[in-house]
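Shown next, in structure tokens, is the structure this report addresses.
A quick note: this is a predicted structure, and the numbers were derived from the prediction, not measured. Just so it is clear, the values below take in all heavy atoms, side chains as well, and ignore hydrogens, waters and symmetry mates.
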Amino acid sequence: MALKELYEQICAGQDLRANLIELKKQLRETEKQNHFREISGENYDRIMKCLADDDPKVRKNAAAVLGVLRVQGAVDVLMDAWEAEETLFVRADYILALAGLDCESYMEAFHRRLEALRVYDAPENEKKHIQAEMAALQELILIKEGLKKHVFSGYHRPNDVILTTLPAFREALAADLPFQKTTLKSGVRTTVSDMSIVQTSRLWQEMLFVLNGGSHLSTRQDLSVTPNGHEFVRNREHFPMRPELLAGELKKSDLLAILTENHKGEPPFFFRIGLTGAIPKEERSGITKKIAEAVERAFDGRLVNSVSHYEAEIRLNVNREGGVTPFLKLFTLPDHRFSYRRFYVASSMRPQTAAGILALAKPYLKEYAQVLDPFCGVGTLLLERRFAGSVRSAYGIDIYGEAIQKARANTKLTGMPVNYINRDFFDFTHEYSFDEILTDMPAVSGDRGQTDELYRRFFEKTAGLLTERGRVFCYSREMGLVKKHLRLSGRFRLLAEFCILEKSGAYLFILEKK
């Protein structure tokens, strides 16, 4: 039905429920919102009158429409309707509508209601609707007042953590950590007593706090492989995938102690739920919501779920039998290791991967080297090369102009001198030779012949640009082509090779010019 016809029927009081539902559906598009404003002349009196209709679904959808259209003049009407509303499943919709409006004068009422709901022992048939209203109120308060984040202070508190990394880098990561540790397939488990030391290592991807305690949280733990191929610390007994029982076991664990003892300030702490492992993607949203609601109830308001304003993630790794291994990830702990990487393109290498590659390559690097990256992208490998050791000069070349612009912007943040050139590498010439050429070989769209030709030309070109005994650090997903052209070229010897990503066949090859 056309918007004009919908508006006319609503104004005439015809089939209000169906018409408001259809109007709400159409107003999901910004263009149609603007069109409806023109049609209505921004006169929404008839929609506001629907907030007093006998049908609760009419009231519910009228509130949603006023919220989508951001009708500031409806604030007082929405507040009156909310305070008078006796049908529980409608109440959250008033709050959701008010969240997008200037309603700061009513903040005290919102806080009072939220506190009342937190201590209310709702009967089973009301819990779902009470939880929805609480979530809407909490989100409104966060939007209007902002999140007063807790400050991390546990730099010297002993924390049991898993630092995840690629298997290729785990030994190097372990060497960075002067603590008692266990090497896992997915990284390194360690008890950190000085967080500043951990923050100097560039090799870990995530820091996951291990939860201990509770009847299903044994202090003796096994290592086993999860469905996605990562190996985490897993308890001998797993959490059943039942929200209330899961939340109860989390309450018995040291989750709250980790939060309170590592931060300044009192609860509540704002969290989200993260699910990994054997849960179909289409089911995750519903399961996550139920678990989050159960956790809020179990912790009596000391943990508050927020999908957009959160300080921590309760990470739940699910195995095929439905067992759950919980971890905690903190977003309050500053991580400035890769703060230079503000800009990137779709094909950009992750900075942790680049740092890991340089850690493997370190025994083969030259002091005060003259370095070239012929396919530099946004400059990540070149910058990590400078973090790995002293460099006399560094050049980055890329045919993609946007990447070069972003590389220059990233590099400016580090204050490191790198020369970037927007040019085809195979047209590049230079007055002196380079000690090192390192690069992430580009993927070529097209037939295998084009990729083969790229590798042939790369070996030929690099041989002409390197000093005698100069070295190539080549990250590639084409092992066969590297080995083929290494043999055909006859200009290089293979010093080392490392498997970085087995699934995609990504390797680091270290070559030396003969």
Begin with the C-alpha distance, continue with both residues' side-chain angles, and end with the deciding distance and a verdict on side chain to side chain contact (heavy atoms under 4.5 Å, CB included) for Gln33 and Val68.
CA-CA 8 Å; Gln33 293 174 22; Val68 169; 3.5 Å; yes

Is any side-chain heavy atom of Val472 less than 4.5 Å from a side-chain heavy atom of Leu438? no

| Crowding at NZ, Lys289 (>12 non-hydrogen neighbours, <6.0 Å) | no

Less than 4.5 Å apart, side chain to side chain, heavy atoms only: is that true for Ile404 and Cys376? yes

So CZ of Phe152 and OG1 of Thr332: to nearest 0.5 Å the spacing works out to 6.5 Å

Is Arg448 salt-bridged to Glu478, going by a charged N under 4.0 Å from an acidic O? yes

Kindly indicate, with the supporting measurements, whether the criterion side chain to side chain contact (heavy atoms under 4.5 Å, CB included) is fulfilled by Leu486 and Arg491. CA-CA 8 Å; Leu486 175 63; Arg491 305 283 301 275; over 6 Å; no

Residues Ser476 and Val482: closest non-hydrogen pair is OG-CG2, 3.8 Å

*Going by heavy atoms in the side chains, are Ile162 and Val210 under 4.5 Å from each other?*
yes

Scanning both residues in full, the closest heavy-atom pair of Ser393 with Tyr432 reads OG-OH, 3.2 Å

Ala294 and Pro243 have their tightest heavy-atom pair at CB-O, 3.5 Å

Closest heavy-atom pair, Lys461 versus Phe426, reported as atoms and distance to 0.1 Å, is NZ-O, 3.6 Å

Between Asp254 (side chain) and Asn212 (backbone), is there a donor-acceptor pair under 3.5 Å?
yes

Check: Below 4.5 Å, heavy atoms only, C-beta onward: do Val304 and Tyr310 meet side chain to side chain?
Finding: no

What do you reckon, are the aromatic ring centroids of Phe425 and Phe375 less than 6.0 Å apart? yes

Distance-only, no hydrogens or angles: does the Arg37 side chain make a donor-acceptor pair with backbone N or O of Leu69 under 3.5 Å?
yes

Review point. Should we say atom CD of Glu453 is surrounded by more than 12 heavy atoms from elsewhere, each under 6.0 Å from it?
Key: yes

Query raised in the report: Taking C-beta and beyond as the side chain, do Val188 and Thr182 meet within less than 4.5 Å on heavy atoms?
Result: no

Closest non-hydrogen atoms of Tyr475 and Leu501, given as atom of the first, atom of the second and distance, are OH-CD1, 3.6 Å

If you count the non-hydrogen atoms of other residues, nucleotides and ligands that lie under 6.0 Å from CD in Gln180, is the total more than 12? no

Subject >> Thr411 side-chain N/O to Arg408 backbone N/O, donor-acceptor pair under 3.5 Å >> reply: no

Residues 480-514 vs ring-ring contact (aromatic ring centres under 6.0 Å, His included), sequence neighbours excluded, gives Phe459-Phe492, Tyr507-Phe509

message: I'd like to check Met207 versus Leu333 (side-chain heavy atoms, cut-off strictly below 4.5 Å). Are they in contact?
response: yes

* Is the side chain of Thr190 donor-acceptor paired with the backbone N or O of Val192 at a distance under 3.5 Å, no angle test? -> no

- request: Find out whether the Lys NZ or Arg CZ of Arg170 is both under 6.0 angstrom from the six-membered ring centre of Trp204 and within 45° of the ring's axis.
  value: no

| query | Judged by modelled atom types alone, do Glu139 and Ser308 share a side-chain donor-acceptor pair under 3.5 Å? | reply | yes

- [ ] Please assess Glu468 against Lys514 for the test salt bridge (charged side-chain N to carboxylate O under 4.0 Å, His left out), listing each intermediate value before the final yes or no.
- [x] CA-CA 7 Å; Glu468 293 302 318; Lys514 293 180 180 178; over 6 Å; no

- prompt: Do Arg202 and Asp176 pass the salt bridge (charged side-chain N to carboxylate O under 4.0 Å, His left out) test, and can you show the C-alpha distance, the side-chain angles, and the key distance before you say yes or no?
  reply: CA-CA 9 Å; Arg202 308 181 71 78; Asp176 281 349; over 6 Å; no

For Leu382 and Ala394 the tightest heavy-atom approach is CD2-CB, 4.3 Å

Lys/Arg N to Asp/Glu carboxylate O, Lys149 vs Glu311, below 4.0 Å:
no

Inset, instruction - Take Phe327 and Leu211, measure what side chain to side chain contact (heavy atoms under 4.5 Å, CB included) needs, and give me the verdict at the end. - result: CA-CA 6 Å; Phe327 300 97; Leu211 304 185; 5.7 Å; no

Residue pairs meeting ring-ring contact (aromatic ring centres under 6.0 Å, His included), one or both in residues 391-417, sequence neighbours left out, come to Tyr395-His430, Tyr395-Phe434

ask   = Under 3.5 Å, is there a donor-acceptor pair linking the side chains of Asn317 and Thr325?
value = no

| request: Compare all side-chain heavy atoms of Leu383 with those of Leu381 and state whether any distance is below 4.5 angstrom. | output: no

Begin with the C-alpha distance, continue with both residues' side-chain angles, and end with the deciding distance and a verdict on side chain to side chain donor-acceptor pair (under 3.5 Å) for Asn422 and Asp398. CA-CA 5 Å; Asn422 183 197; Asp398 206 290; over 6 Å; no

To the nearest 0.5 Å, atom CD1 of Ile21 lies from atom CG of Asn61 at 4.5 Å

**Prompt:** So, Ser348 side chain and Tyr344 main chain: donor-acceptor pair closer than 3.5 Å or not?
**Reply:** no

Run Leu466 and Ile437 through side chain to side chain contact (heavy atoms under 4.5 Å, CB included) and show every step you take.
CA-CA 8 Å; Leu466 278 172; Ile437 291 178; 3.9 Å; yes

Query raised in the report: Strictly by modelled atom types, are Glu460 and Ser489 linked by a side-chain donor-acceptor pair under 3.5 Å?
Result: no

*Does Asn305 reach the main-chain N or O of Ala292 with its side chain, forming a donor-acceptor pair under 3.5 Å?*
no

Exercise. Would you find a donor on one side and an acceptor on the other, under 3.5 Å apart, between the side chain of His263 and the backbone of Leu259?
Worked result: yes

Tell me whether Asn410 contacts the main-chain N or O of Phe343 through its side chain, where contact means a donor paired with an acceptor under 3.5 Å. yes

* Asked: Would you call Glu436 and Arg471 a salt bridge, using N to O less than 4.0 angstrom?
  -> no

**Message:** Looking at Arg342 and Ser339, would you say the former's side chain and the latter's main chain have a donor-acceptor pair under 3.5 Å?
**Reply:** yes

Distance-only side-chain donor-acceptor flag, Tyr155 / Gln199, under 3.5 Å
no

Using atom types as modelled, flag every donor-acceptor pair under 3.5 Å from a side chain in residues 349-367 to any protein atom, sequence neighbours excluded.
residue: Lys366; atom: NZ; partner: Asp435; partner atom: OD1; Å: 3.0
residue: Glu367; atom: OE1; partner: Ser390; partner atom: OG; Å: 2.8

- Query: Would you say the side chain of Asp424 lies within less than 4.5 Å of the side chain of Asp427, judging by non-hydrogen atoms?
  - Reply: yes

Should the pair Asp440-Arg477 be classified as a salt bridge under the 4.0 Å nitrogen-to-oxygen rule? yes

For this session: Applying side chain to side chain donor-acceptor pair (under 3.5 Å), run through Arg392 and Tyr368 and close with a yes or a no.
Result: CA-CA 5 Å; Arg392 184 182 304 172; Tyr368 302 106; over 6 Å; no

Backbone N/O of Ala463 and side chain of Lys513: donor-acceptor pair under 3.5 Å: yes

ask   = Quick check: are there more than 12 heavy atoms from other residues, nucleotides or ligands sitting under 6.0 Å from CZ of Arg157?
value = yes

Counting neighbours of CD on Glu31 that are heavy atoms of other residues, nucleotides or ligands and sit closer than 6.0 Å, is the number greater than 12?
no

* Asked: Is the centre of the Phe270 ring less than 6.0 Å from the centre of the His309 ring?
  -> no

